[in-house]
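Accompanying notes for the structure given below.
When a residue number appears, it is its place in the shown sequence, counting from 1.
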Amino acid sequence: MIAARPVELLAPAKDLVCGMEAVRHGADAVYIGAPRFSARAAAGNTVDDIGRLCDFAHLFNVRVYAAFNTILKEDELREAEQLIHQLYRTGTDALIVQDMGVTRMDIPPIPLHASTQADNCMPEKIAFLHKTGFTRAVLARELSLEEIRTIAGQTPIELEAFVHGALCVGYSGRCYLSAALSGRSANRGECAQYCRLPYTLTDADGRVIVADKHLLSLRDLNRSEELEAMLSAGVSSLKIEGRLKDVSYVKNITAYYRQKLDALFARNPAFYRSSAGKSAISFEPQPAKSFNRGFTPYFLHGRIPDITAFDTPKSIGEPLGTVWEPKGASFTLAGAKPVHNGDGLVYLNIKGELEGFRVNRVDGNRIFPLKMPALRPGTFVCRNYDKAFEEQLSKPSAERKLSVDMAFCDTEFGFALSITDETGTRVTIVKSFAKEPAKTSPEEYIRVQLARLGNTPFRAEEISVCLSKPWFAPVSLLGEMRREATERLIQAHRIRYRQPWVKREVCDATVPYPASKLDYTANIANTLASAFYASHGVQSMEPAFEQSPRKEVPLMYTKHCLRYSMGWCPVHHNRKSPYREPFCLTHKQTRLRLHFDCRSCRMLVYEF
């Protein structure tokens with residue numbers, strides 16, 4: 001019989017507020033940007049704030065991971081090492097890292113998770129990471145279920161996979177477009193998002209194939225219907241993208257996946273949640289109401305056509321309906337969901353560009369915009385701002401409580417109250433008190449008073465009252481014992497929490513790296529990273545692109561393929577392009593050349 005496996009729902013946190021709301025709305029773990037060296041430079045947090053998040057999260061056995069996943073310059077190594085010690089002392093449960101130089105630092109026994117920026121695609125690479133001390137690998141988004149299953153079968157390392165949020169069109173850690181064109185490196189947390197710009201696609205003869213479309217822009221990931229399949233394939237941590245997203249996104253998406261997973265656990269005992277406490281959600285989570293460019297499961301089941309967002313990189317929100325009867329300053333929507341004053345609606349105009357407007361008034365199914373747009377009958381309309389929904393999420397929208405059992409009894413000199421929470425943490429309070437007989441049976445009255453746990457992180461599940469005689473217990477005494485017991489229980493829970501740790505050893509040089517030569521895509525930017533690879537048999541190493549920019553090398557490796565999108569894939573469509581290659585993408589002064597590597601089923605992007 002196979003033992004049940006714990007499953008982690010991992011939510012993003014832009015800051016302390018987002019992190020605490022992620023916990024309240026059901027996350028089993030939270031990842032948050034370190035003060036420096038995070039792959040989202042705009043989402044750094046102070047060590048103190050990360051410590052406060054740890055204190056709050058650990059009450060529910062929720063873990064906190066610090067994103068520390070940029071490549072490091074030589075003059076940053078000492079600062080990075082000191083910062084890791086500070087993060088560990090605050091209670092941080094793991095570091096998410098890309099730079100292999102971290103493994104050769106003098107750091108505490110904090111677990112290391114290999115970021116998706118480390119290009120975790122191949123079973124051999126991931127098995128190597130496990131053998132060299134990493135406890136988890138964050139898988140590349142491009143992997144299929146079959147590939148994940150193969151990886152899980154070859155190494156016992158924990159596997160983390162994305163289930164929701166924005167998609168990088170390039171393989172993470174192997175995109176140098178921003179670094180080459182603007183000096184802002186994605187591997188340093190400063191991506192300028194050239195992939196979201198409009199491009200014109202031309203052939204080798206200059207003929208226009210597609211004009212002014214966002215040809216490198218993808219839809220957003222949504223694998224909410226694939227959770228059980230992913231867990232069965234070997235994934236243990238399900239990750240929501242979004243360290244730059246606002247708090248309403250974190251609330252809505254975390255709560256949605258919490259409910260999906262709880263329903264899954266109820267029907268499949270092979271899996272259970274990895275943290276404690278139950279979240280009471282006061283709204284109906286709906287992913288389409290949060291920022292999205294349309295949804296796709298991406299390559300989980302192989303190559304599919306619906307991964308792109310060529311029309312716009314902006315949020316389209318939720319589909320509403322089709323315009324009919326545009327008349328004067330108003331219009332109606334066929335088959336639409338209810339629309340309310342203040343909602344934001346969007347549509348594609350005749351040029352194929354996204355336009356939006358605010359709803360000023362609604363009369364039945366007739367909508368009066370603040371300013372009437374140029375709508376035509378048949379135009380499809382979406383809502384990317386639901387005013388009522390956002391107002392609901394702007395208020396407290398979830399409470400997370402640990403269930404407790406309480407036992408009240410009399411002693412020789414007074415009374416005792418014991419509280420045991422669902423994690424097994426237990427405290428007992430004993431008070432001396434001159435006992436007097438009660439005029440009526442006190443049991444129910446005592447239960448009511450003890451159940452008033454108010455703003456504490458606890459919820460009474462069962463309260464037993466066991467008295468040798470019907471003794472009188474005043475409200476003031478019961479309140480004092482309840483308050484003291486819950487305070488001590490919180491303290492005991494924090495003391496009892498065990499921060500994960502690993503035995504830090506010198507890297508075993510007998511574990512060979514899967515390759516003997518490494519080019520610029522290994523992102524080696526410091527001597528410690530070089531020493532790491534050299535100790536594992538790598539004989540030839542190129543410096544990182546950011547250290548030594550070069551021409552005539554791919555600036556992006558992507559599984560997204562424009563030849564496939566156009567229906568000209570020789571493998572999947574068995575068709576040949578009517579245009580002469582190489583193809584070119586142009587945006588203002590930027591010109592990019594495309595190369596199609598059919599053997600590896602990927603597209604490479606070069607600068608002309």
Side-chain angles (χ1 to χ4, degrees), residues 3-4 6 20 23-26 28 52 54-63 91 258 262 265-266 269 272-282 396 398-499:
M20 295 179 74
V23 175
R24 291 189 180 103
H25 287 74
D28 300 307
R52 291 171 63 192
C54 289
D55 283 346
F56 179 71
H58 290 169
L59 279 173
F60 304 97
N61 289 352
V62 170
R63 293 186 173 180
R258 178 74 274 150
D262 287 347
F265 299 156
Y272 64 93
R273 67 179 302 175
S274 62
S275 65
K278 184 176 181 180
S279 297
I281 311 297
S282 64
E399 270 193 328
R400 186 163 179 167
K401 301 281 189 178
L402 292 163
S403 62
V404 295
D405 291 338
M406 309 175 78
F408 185 81
C409 62
D410 61 300
T411 66
E412 184 178 356
F413 303 104
F415 297 101
L417 173 63
S418 295
I419 303 184
T420 306
D421 73 22
E422 63 185 83
T423 71
T425 306
R426 184 174 185 269
V427 298
T428 298
I429 302 297
V430 179
K431 291 287 184 181
S432 296
F433 189 80
K435 293 179 286 186
E436 298 177 4
K439 295 180 180 179
T440 59
S441 178
E443 282 84 356
E444 187 58 30
Y445 151 78
I446 292 172
R447 289 191 185 94
V448 170
Q449 297 302 318
L450 294 179
R452 293 179 174 175
L453 294 171
N455 292 325
T456 72
F458 307 112
R459 175 181 57 83
E461 186 76 21
E462 187 174 317
I463 301 175
S464 61
V465 178
C466 184
L467 301 176
S468 59
K469 291 183 181 180
W471 299 114
F472 170 68
V475 171
S476 58
L477 176 67
L478 294 171
E480 181 183 354
M481 295 181 74
R482 182 189 64 235
R483 284 190 296 272
E484 188 174 337
T486 54
E487 288 171 3
R488 288 194 184 180
L489 189 60
I490 291 172
Q491 294 172 2
H493 207 284
R494 284 178 173 147
I495 293 170
R496 194 169 181 257
Y497 181 83
R498 291 291 177 262
Q499 188 178 1

How many angstroms lie between atom [atom1] of [X] and atom [atom2] of [Y], to the nearest 0.5 angstrom?
X	Y	atom1	atom2	answer
Q449	M481	CD	CE	13.5 Å
C466	F408	SG	CZ	11.0 Å
L453	I463	CG	CD1	7.0 Å
M20	F56	CE	CZ	4.5 Å
K278	R400	NZ	CZ	12.0 Å
R482	E487	CZ	CD	11.0 Å

> What residues form a salt bridge (charged side-chain N to carboxylate O under 4.0 Å, His left out) with K401, not counting sequence neighbours?
Replying inline: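 K401 satisfies salt bridge (charged side-chain N to carboxylate O under 4.0 Å, His left out) with no residue once adjacent residues are dropped.
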
> With sequence neighbours excluded, what pairs up with E444 under the salt bridge (charged side-chain N to carboxylate O under 4.0 Å, His left out) test?
Replying inline: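 So E444 forms a salt bridge (charged side-chain N to carboxylate O under 4.0 Å, His left out) with R447.
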
Taking all non-hydrogen atoms of both residues into account, name the closest pair between [X] and [Y] and its distance.
X	Y	result
K435	D410	NZ-OD2, 3.9 Å
V427	A485	CG2-O, 3.5 Å
R273	F265	N-CE1, 3.4 Å
W471	P442	O-CG, 3.5 Å
G26	S279	N-OG, 3.3 Å
S282	A398	OG-N, 4.5 Å

> Do any N or O atoms from the side chain of R498 and from the backbone of I495 form a donor-acceptor pair under 3.5 angstrom?
Replying inline: yes

Do the non-hydrogen side-chain atoms of [X] and [Y] ever get within less than 4.5 Å of each other?
X	Y	value
P470	S441	no
T423	R496	yes
T486	V404	no
L467	F415	yes
R494	L59	yes

> Would one find more than 12 heavy atoms of other residues, nucleotides or ligands at under 6.0 Å from atom CD of E399?
Replying inline: no

> side chain to side chain contact (heavy atoms under 4.5 Å, CB included) between T456 and R483: does it pass, once the steps are laid out?
Replying inline: CA-CA 9 Å; T456 72; R483 284 190 296 272; over 6 Å; no

>> Once ring-ring contact (aromatic ring centres under 6.0 Å, His included) is applied, what residue pairs with a partner in residues 436-469 remain, sequence neighbours excluded?
In response: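 Passing the test, one end in residues 436-469: no pairs.
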
Identify, with sequence neighbours excluded, every residue that meets side chain to side chain contact (heavy atoms under 4.5 Å, CB included) alongside [X].
X	value
H58	C54, D93, Y497
P474	F433, F472, S476, L477
T420	R426

> Does the salt bridge (charged side-chain N to carboxylate O under 4.0 Å, His left out) test come out yes or no for K431 and E484, once each step is laid out?
Replying inline: CA-CA 11 Å; K431 291 287 184 181; E484 188 174 337; 3.0 Å; yes

> Only one of L489, I419, L402 forms a side chain to side chain contact (heavy atoms under 4.5 Å, CB included) with T425, so which one is it?
Replying inline: L489

